[in-house]
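A short write-up of the structure that comes next.
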There are 2 protein chains.
Amino acid sequence: MNSPRRTTIYDVAREAGVAASTVSRALNNPRRVNPVTRDHVVAVAERLGYRPDPLATALQSGHKATIAMLVPDITNPHFFGTIRGAEKRASEAGLTFILANTEESADNERNQIERLSRSVDGFVLAASRLREDTTRELAREYNLALVNRQVEGLPGAVVDNGSGSRQIIEHLASLGHRSVVYLSGPHRSWTASQRWRALRAAAERHGMTARRLGPFPPKVDGGGAAADAALAAEATALVAHNDLLAIGVLRRLTERGIPVPGRVSVVGYDDIFGADLCVPALTTVAGPQEEAGRAAVELLIRKGSLSRSQPAPQQVVLPSHLVIRDSTGPAV
Amino acid sequence: MNSPRRTTIYDVAREAGVAASTVSRALNNPRRVNPVTRDHVVAVAERLGYRPDPLATALQSGHKATIAMLVPDITNPHFFGTIRGAEKRASEAGLTFILANTEESADNERNQIERLSRSVDGFVLAASRLREDTTRELAREYNLALVNRQVEGLPGAVVDNGSGSRQIIEHLASLGHRSVVYLSGPHRSWTASQRWRALRAAAERHGMTARRLGPFPPKVDGGGAAADAALAAEATALVAHNDLLAIGVLRRLTERGIPVPGRVSVVGYDDIFGADLCVPALTTVAGPQEEAGRAAVELLIRKGSLSRSQPAPQQVVLPSHLVIRDSTGPAV
DNA sequence: CAACATTTGGCAATCGCTTGCCATTCAATC
DNA sequence: GATTGAATGGCAAGCGATTGCCAAATGTTG
């Protein structure tokens, strides 16, 4: 079950007839050792199948070659793109990638950070549920990069829902809708408030009224209550906090025999897998989530290396856009 | 950016007026130290906010409290359930969870195992692409648990596609279908051959003819070629290797104006998110994927602890079942 | 009360690697 | 040919824990 014993740097040293320190240097700091010796050591290491122990290395040097990504809900398809992008970039950089679920809880998130802090070089926080000040405080102690959450002074990548939200309103306005209802996600969610803000502002510019209902759990299950609330509010255009919720809304609407987009129009966010599968196919805001995940890891990597010379931490903003499908139509 | 210095076991020792070894024991092996001393030490540790460094612990004790899960394709929704189940169980057990993508490549999978081996206590291999003998060989050196792949003598959890496959055939037979076509996934895939075997055997029992086409890439994109091939083979019942492929087939069929289930019936496997969203809603085999992920981690944990006394490594088989939706109907 | 067993705490080695510092060698310079 | 300095390799001290072994203290028993 367990290997007898792995070859260590000492085995290589003995075999090569040099000191362990020389082996270490030959491998990590090649210019510090004579080319001839180096080649010899490298050859021996190769022959013995030597692999440095990441733990021992980390313990001594502090460089763990590992990052962790914290996600509120692993299950949520919304995060898949982001996770994938982050994993890819990490793997390209030779970093080990730890994934952890925070169960939508700020406390849990904080605990995970604390727990993993010794094991990783930094964290990617996706749609963090932490309060701004907490985040900033943690950032003083740990290496953080945010995804889809902006905190001034902290590096991160966001998909800008502003552009998408504006496009939603323009689209709805051009279809003759006079008012929209935003079916909100968790109030603590930065994304939710950002979407709502952009929506409201754009609506105002177009002389539309905008109302916010909720919060609703951002899952398919939440759709029932959301749809009913929206109907009670006599809205003609429903913008759901995300596709999951939108799909739930669609279901409920179908159940209640309300034609979509005949009587009401429904829009979602995220363009998750399945958004184009449902009936009617969902009009939704798509964004480069994978790119965002990748960018966040990128920032984390850069931050670590340049440290001193680095000016202000960078924020990457990626535009989103509306994908028009069949769930939106002319206002009645 | 980086903390000044974390409190170590020595800090606690000094503050508590005992030796470091006593602190270590007070924390990990409480009965080894006098209750009074222990309480005092624990209190001091608490007060100083002491957290053991997992790396130092691992280096010394060999216990890493970390497992890694290797997945052929992080993107594939099929794995989400498994990943989630594994992550949950790991987190419950206080284990750090490393997720890595193997990009459908056996070599890559092997490399990842090698690379991570020093950092983890064991691996969960989901739908491993490794050859049987390679797997067994690796299992001698590393702690492995398999998901949705069976290798004799190795612990693992599989969703039994046998039961689901039989139900497919029964369902199709009762609808009057006389022949089925299996649109196969990757030939190296254990799942694919398992499904095909069960399908063929069941078909035989029902006096139906079964043919296998493919392999096709098990993605939505693969559906075009798969559908066309099936049509060319004049089949009335198509069983796709998974839902992704099935959805792709559905699309292609719609494109070509072939009514489903009017002219052909389509069945998938996995019951992924979205399977009930597409039109027609997909008849598919659902299995407790999340449970499988959880079980695999469970086996890994047990294996580690009982080691000696353990009899044969355990294999968990979880039954699947057919979920009948709208993509299957009477044979023409 | 002596003799022995059990508790309890400390010392020091160890896990595998990195790195500051020193000693040696050898080439370059005056 | 003496002096200086760069290049090179080794020694040994950590990094932060765990743990075998020993010694002192305490308890138990006849």
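Reckoned from all heavy atoms, side chains included, excluding hydrogens, waters and symmetry mates. So that the names make sense, note that chain A is the first sequence line, chain B the second, and so on, each numbered from 1.
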Checklist line | Listed nucleotide nearest any side-chain atom of A:P52, set C:dG16, C:dG9, C:dC17 | finding: C:dC17

Notebook entry, point to check: Side-chain donor-acceptor pair under 3.5 Å between B:Q289 and B:N148, yes or no?
Noted result: yes

Check: Counting any heavy atom closer than 4.0 Å, what does A:T8 reach on the DNA or RNA strands: base, sugar-phosphate only, or nothing?
Finding: sugar-phosphate

Next item on the list: Would you indicate what A:V23 reaches in the nucleic acid, counting non-hydrogen atoms under 4.0 angstrom: base, sugar-phosphate, or nothing?
Entry: nothing

Notebook entry, point to check: Sub-3.5 Å donor-acceptor pair from the side chain of A:R25 to the main-chain atoms of A:R31, do we have one?
Noted result: no

Item checked: Nucleotide interval of DNA chain D bounded by contacts with chain A (heavy-atom cut-off, under 4.0 Å) -> D:dT8 to D:dG16

Next item on the list: Would you kindly say whether B:R115 and A:T96 are connected by a side-chain donor-acceptor distance under 3.5 Å?
Entry: yes

Item checked: Separation of atom CZ in B:R25 from atom C1' in C:dA12, rounded to whole Å -> 12 Å

Item checked: Distance-only donor-acceptor check, side chains A:R51 and B:S117, under 3.5 Å -> no

Notebook entry, point to check: Does A:S24 place a side-chain N or O at less than 4.0 Å from the phosphate oxygens OP1/OP2 of C:dT18?
Noted result: yes

Note to self: Treating B:T135 as the side-chain partner and B:D133 as the backbone partner, does any N or O pair qualify as donor plus acceptor under 3.5 Å?
What the structure shows: no

Next item on the list: Respond yes when some side-chain nitrogen or oxygen of B:S21 is under 4.0 Å from OP1 or OP2 of C:dG10, and no when none is.
Entry: no

Next item on the list: May I ask you to verify whether the side chain of B:S61 and the base of C:dC15 hold a donor-acceptor pair under 3.5 Å?
Entry: no

Check: Atom CG of A:L27 and atom C1' of C:dG16: how far apart are they, to the nearest Å?
Finding: 13 Å

Notebook entry, point to check: Could you state the CZ-C1' distance from A:R32 to C:dT18, rounded to the nearest angstrom?
Noted result: 12 Å

Item checked: B:D53 CG - C:dC15 C1' separation (whole Å) -> 13 Å

Margin query: Without decimals, in angstroms, what is the distance between A:R51 CZ and C:dC17 C1'?
Written below: 16 Å

Next item on the list: Could you work out which one of C:dT18, C:dG9, C:dC11 sits closest to the side chain of A:T57?
Entry: C:dT18

Check: Do A:K303 and A:N143 get their side chains close enough for a donor-acceptor pair, meaning under 3.5 Å?
Finding: yes

Next item on the list: Return the value, rounded to whole Å, for the distance between atom OH of A:Y10 and atom P of C:dG16.
Entry: 9 Å

Notebook entry, point to check: Is a side-chain donor-acceptor pair under 3.5 Å present for B:E290 with B:T82?
Noted result: no

Item checked: Sugar-phosphate, base or nothing in reach of A:N29, heavy atoms under 4.0 Å -> nothing

Note to self: On DNA chain C, compare the nucleotides closest to B:N34 and B:Q60; which residue's is nearer the 5' end?
What the structure shows: B:N34

